[in-house]
Amino acid sequence: MSAICEVPGGNIAVAETPMLRWVLAYADDALILGHRLSEWCSRAPSMEEDMALANLGLDLLGQARFLYSHAATLENAAQPALERSEDDYAYRRDAPQFRNALLVEQPNGDFAATMVRHMLYASFADLYWRASLAVSDPAIAAFAARSEKEIAYHERHAADWVIRLGDGTAESRRRAQSALDGLLAFADELFETEADQLPLMAAGAIIDPARLRDAYRHRIEQICARATLSLAWPRWHQSGGRQGRHGEHLGHLLAELQFLPRAYPGASW
Amino acid sequence: MVNETTAQETAWAIASALPDPEIPALTIAELGILRSVELMEGVITVSITPTYSGCPATEMIKGDIETALRDAGFSAVAVRLIHSPAWTTDTLSAATLEKLRAEGIAPPHRGQAPHCPLCGSSAVEQIAAFGSTPCKSLWRCITCREPFDHFKCH
């Protein structure tokens with residue numbers, strides 16, 4: 001075994017297996033998007049929307065916590081001396097160790113951009129967790145059952161807003177269209193298949209997201225049609241997040257998210 | 001094994017009587033959050049399931065159970081979170097639904113819009129899909145003009 005050197009309180013060195021990479025990818029999606037939504041707290045366009053965004057963020061944080069705990073269980077089973085906890089994954093990895101898709105780290109922008117980003121994520125996550133009800137691990141299947149119910153609300157909420165903004169005033173329509181044009185190139189990364197996860201997919205342990213792409217596009221096209229937004233799927237897509245190649249935004253997000261445990265390692269309430 | 005059974009039953013009686021922090025009219029047992037109480041190798045092990053993944057009350061419920069059981073003299077207590085089967089509003093009993101309504105919270109009925117818990121009117125409209133807690137949405141009665149919480153189907 002290669003020597004893993006961890007400084008107390010510093011970065012952890014995750015011994016990534018294909019399964020662990022899968023868990024971290026979906027946990028990171030939820031954590032990073034949940035953090036983005038928390039940035040709206042006290043700044044949303046209305047009181048109701050402030051609470052809605054905070055609640056959506058809480059759901060995602062809860063989903064991330066389950067998956068990080070699951071990652072800790074997997075790593076501790078292989079190496080009990082690590083004594084990993086869910087917090088280690090959230091607070092003690094740098095940007096290149098994060099596996100989230102680039103979509104979720106995109107800045108909030110205006111309210112239209114936040115809602116378009118959320119529609120693009122939630123439409124995917126709803127399909128993905130619903131398909132994951134059939135995976136072989138009962139713990140993951142139960143997690144998928146809970147997440148799918150929560151994400152169905154997310155998708156409805158985001159779609160309602162995209163429709164209202166797109167089919168709204170000239171200004172709201174301009175902003176919604178601009179957000180869609182800017183974010184659409186990030187959607188396809190959600191459907192990338194990682195080659196080393198193919199055996200897990202063949203064994204029914206996890207679901208290959210690629211098989212959901214057509215259903216996803218159909219959903220997004222229906223929402224955009226009702227929103228009277230023009231939609232042109234780009235011929236290329238942004239990629240790299242699942243391999244740890246992130247844009248400049250993630251580092252700034254982590255600087256805020258991780259500040260306290262980085263400055264005061266081991267601090268607890 | 002009589003003592004073990006008694007200890008388990010006593011611990012269940014204590015844990016099941018604890019109110020939910022956000023809906024104090026209901027106990028955590030009535031809400032289906034409390035799943036089991038077992039004596040495992042000398043440790044009273046309480047299994048709870050969160051309602052929503054991100055429900056902030058889960059940590060508080062965990063603390064409430066630990067405190068209540070320690071106060072009752074149980075020195076070794078563990079509370080664990082279980083996720084399977086997922087929590088659902090489908091398991092709430094008719095009596096629990098009625099308690100919710102009496103508390104002014106329109107209870108969940110799958111596939112049906114809520115009725116006003118105050119005047120019973122079916123002329124209602126949703127104000128916001130996310131209300132005072134993650135499990136509730138905010139509605140308004142068109143007949144009596146009162147706003148009310150609706151416990152969402154989950």
Side-chain angles (χ1 to χ4, degrees), chain A residues 26-27 30-31 33-35 37-38 40 44-70 73 86 125 129 132-133 135 137-161 269, chain B residues 21-22 31-33 35-36 47-63 66-67 78-92 108 110-111 113-114 125-140 147-154:
Chain A
Y26 290 91
L31 178 72
L33 188 56
H35 185 84
L37 294 179
S38 78
W40 274 103
S46 69
M47 177 80 93
E48 288 79 5
E49 201 49 37
D50 212 275
M51 287 169 62
L53 290 167
N55 275 318
L56 299 177
L58 266 177
D59 281 343
L60 291 168
L61 184 62
Q63 291 169 17
R65 288 187 63 180
F66 172 88
L67 290 170
Y68 286 137
S69 295
H70 192 67
T73 306
E86 52 181 306
W129 295 128
S132 297
L133 298 175
V135 298
D137 182 341
I140 298 285
F143 165 77
R146 183 189 304 271
S147 300
E148 193 278 321
K149 287 200 275 189
E150 291 164 359
I151 291 289
Y153 258 98
H154 290 222
E155 187 190 24
R156 204 176 317 147
H157 190 71
D160 281 352
W161 270 112
W269 295 113
Chain B
E22 286 179 339
L31 271 173
I33 294 168
R35 284 276 164 89
S36 66
S47 298
I48 59 172
T49 193
T51 53
Y52 282 61
S53 294
C55 183
T58 307
E59 293 293 325
M60 191 167 166
I61 292 168
K62 210 175 153 197
E66 285 165 353
T67 308
V79 181
R80 60 177 189 184
L81 277 180
I82 54 168
H83 296 272
S84 177
W87 179 81
T88 167
T89 49
D90 293 343
T91 59
L92 301 184
R110 197 158 290 286
E125 60 182 356
Q126 183 174 282
I127 299 170
F130 299 86
S132 55
T133 66
C135 56
K136 288 180 276 185
S137 54
L138 189 59
W139 290 65
R140 165 167 52 213
F148 64 90
D149 271 339
H150 168 45
F151 202 106
K152 293 186 269 195
C153 274
H154 197 64

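Remember, it's a predicted structure, so these values are computed and weren't measured experimentally. Every chain is numbered from 1 and lettered A, B, ... according to where its sequence line falls, protein lines coming before strand lines.
Judged by a 6.0 Å distance limit and a 45° cone about the ring axis, A:Arg156 is positioned over the six-membered ring of A:Tyr153.
Rounding to the nearest 0.5 angstrom, the gap separating the CG atom in B:Leu31 from the OG1 atom in B:Thr91 is 9.0 Å.
Within the 4.5 angstrom heavy-atom criterion, no atom of B:Ser137 approaches chain A.
Put simply, the side chain of B:Trp87 never gets that close to the backbone of B:His154: no donor and acceptor are under 3.5 Å apart.
Contacts with chain A were tallied for B:Pro85, B:Cys153, B:Gly131; B:Gly131 has the most, counting heavy-atom pairs under 4.5 Å. Heavy-atom pairs under 4.5 Å with chain B peak, among A:Met51, A:Glu150, A:Met47, at A:Glu150.
Summarising the geometry of B:Phe130 relative to A:Ala52, their closest heavy-atom pair is CD1-CB, 3.4 Å, with the distance given to 0.1 Å.
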